[in-house]
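Single-structure report; data block below.
Per chain, numbering begins at 1; letters A, B, ... match sequence-line order. Side-chain atoms are counted along with the backbone in the values below, which use heavy atoms only and exclude waters and symmetry mates.
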Number of protein chains: 2
Amino acid sequence: MTALKPAFPAPGHDHDRCTAEGIEHAERICADRSQNLTPIRRQVLRALLSSHRPLGAYEVIDELARVMPRPAPITVYRALDFLMQNGLVHRIESRNAFLACGREHDDASAVAFLICECCGSVGEIPATAVAQSLSDAARQTGFTPKLSVVEITGVCGHCQST
Amino acid sequence: MTALKPAFPAPGHDHDRCTAEGIEHAERICADRSQNLTPIRRQVLRALLSSHRPLGAYEVIDELARVMPRPAPITVYRALDFLMQNGLVHRIESRNAFLACGREHDDASAVAFLICECCGSVGEIPATAVAQSLSDAARQTGFTPKLSVVEITGVCGHCQST
DNA sequence: CGGAATTCATAAGCTAGCTTACTTTATTCC
DNA sequence: GGAATAAAGTAAGCTAGCTTATGAATTCCG
Ligand SMILES: [Zn+2]
Ligand SMILES: [Zn+2]
Ligand SMILES: [Zn+2]
Ligand SMILES: [Zn+2]
């Protein structure tokens, strides 16, 4: 995991920078892996980066439609698959939606998503401790956890002070 | 939380009993709250109790169709709402599916769902410790957790030994 | 040059989840 | 009996998520 970015960026933050960093990050990752960050893939990522909210596939399409001829679903699904495979996008199961991820996690590391039901933002926190106590609890039943979907709804700090 | 039922019932267990107990339980709860467990609501519950797998709404419909004229979606959604309001059914967010719950939780208590990717069964465990470490982690970001969706994919004990 | 692999376009379709709007049928209670 | 509530039936429809199938365009490489 890289630097400790705040899980929930403040309302007035410089979001253009978020976006720029996100793209840069993706470019670096893809270069490292000699993967091809094509224009469409970049656009899809940009769409996801346009907010800190997870977007449904059709929202992505709507977003893209603003700057190019409306793409077919298959097009964005392909791009999303690519981005997920390269750890640049997470899927938020409980929403059937996708979220850009500007961090690097090693494959094994567990994360938890904090979903603000007020502003819709999603923060991402390392969930090592959580995963641990989860494993403990689960293992008592003979269960071997694999992929964890830890998605917590609540209210983020910024929305709270409103 | 009532007795400590095993999170994952063994393959060869007496499932008729699970079902019977589930219905009984529901009857008790509804009586206590003077809620009306109508035939349809009971049938929907029975459908969900027919396995330890969560069922999608349309699977419920299919299930009901075997013993009555195929109900319209709205019908089962209404019943599901009722059952959820009375804590008899959980919604598994990551699957858009519903699971019968034979336990009693106080409203505040957190649970985690263990989803076996092999047999599809879902076990339910109290997640107090998990919730605690989760709260701790989350609160550092100013986030106040409310409703937790903790759904973990993995392999259950029974499937493991296969 | 010619074949293989990648990527994307085009077109169409399916399903599941869920809703809106109205009517009908009990049940209850005065 | 008659109004009021609760539960179901009926009919129709919308959307979002996701897929299949096929063909064109590029690029890579020997
Ligand atoms: Zn930002
Ligand atoms: Zn918020
Ligand atoms: Zn059983
Ligand atoms: Zn299993």
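- Within the 4.0 angstrom heavy-atom criterion, no nucleotide atom of any strand lies near B/R70.
- We find that B/R95 and B/E93 are not joined by a salt bridge, their nearest charged nitrogen and carboxylate oxygen being 4.0 Å or further apart.
- Distance from the side chain of A/I40 is smallest for C/dA9 among the nucleotides D/dT10, D/dA16, C/dA9.
- Atom C1' of nucleotide C/dT25 and atom CZ of B/R78 are separated by 13 Å, given to the nearest angstrom.
- When distances are taken from the side chain of B/A72 to each of D/dT10, C/dA9, D/dG17, the shortest belongs to D/dT10.
- Counting only N and O atoms by type, the side chains of A/E151 and A/S94 include a donor and acceptor under 3.5 Å apart.
- Salt-bridge annotation for B/R42 and B/E27: present, with a side-chain N of the basic residue lying under 4.0 Å from a carboxylate O of the acidic one.
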Open item on the list: For a side chain to side chain donor-acceptor pair (under 3.5 Å) check, start with the C-alpha distance between B/H13 and B/H158, then their side-chain angles and the critical distance, and finish with the verdict.
Closed with: CA-CA 12 Å; B/H13 74 285; B/H158 307 298; over 6 Å; no

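- Among the atoms of the strands shown, base atoms are found under 4.0 Å from some heavy atom of A/I74.
- C/dA16 atom P lies 14 Å from atom CZ of B/F98, rounded to whole Å.
- A/N86 places its CG atom 10 Å from the P atom of C/dT7, with the value rounded to the nearest Å.
- Whole-Å rounding puts the B/E93 CD to C/dG17 P distance at 13 Å.
- Side-chain proximity of B/N36 to D/dG9, D/dA7, D/dC18: nearest is D/dA7.
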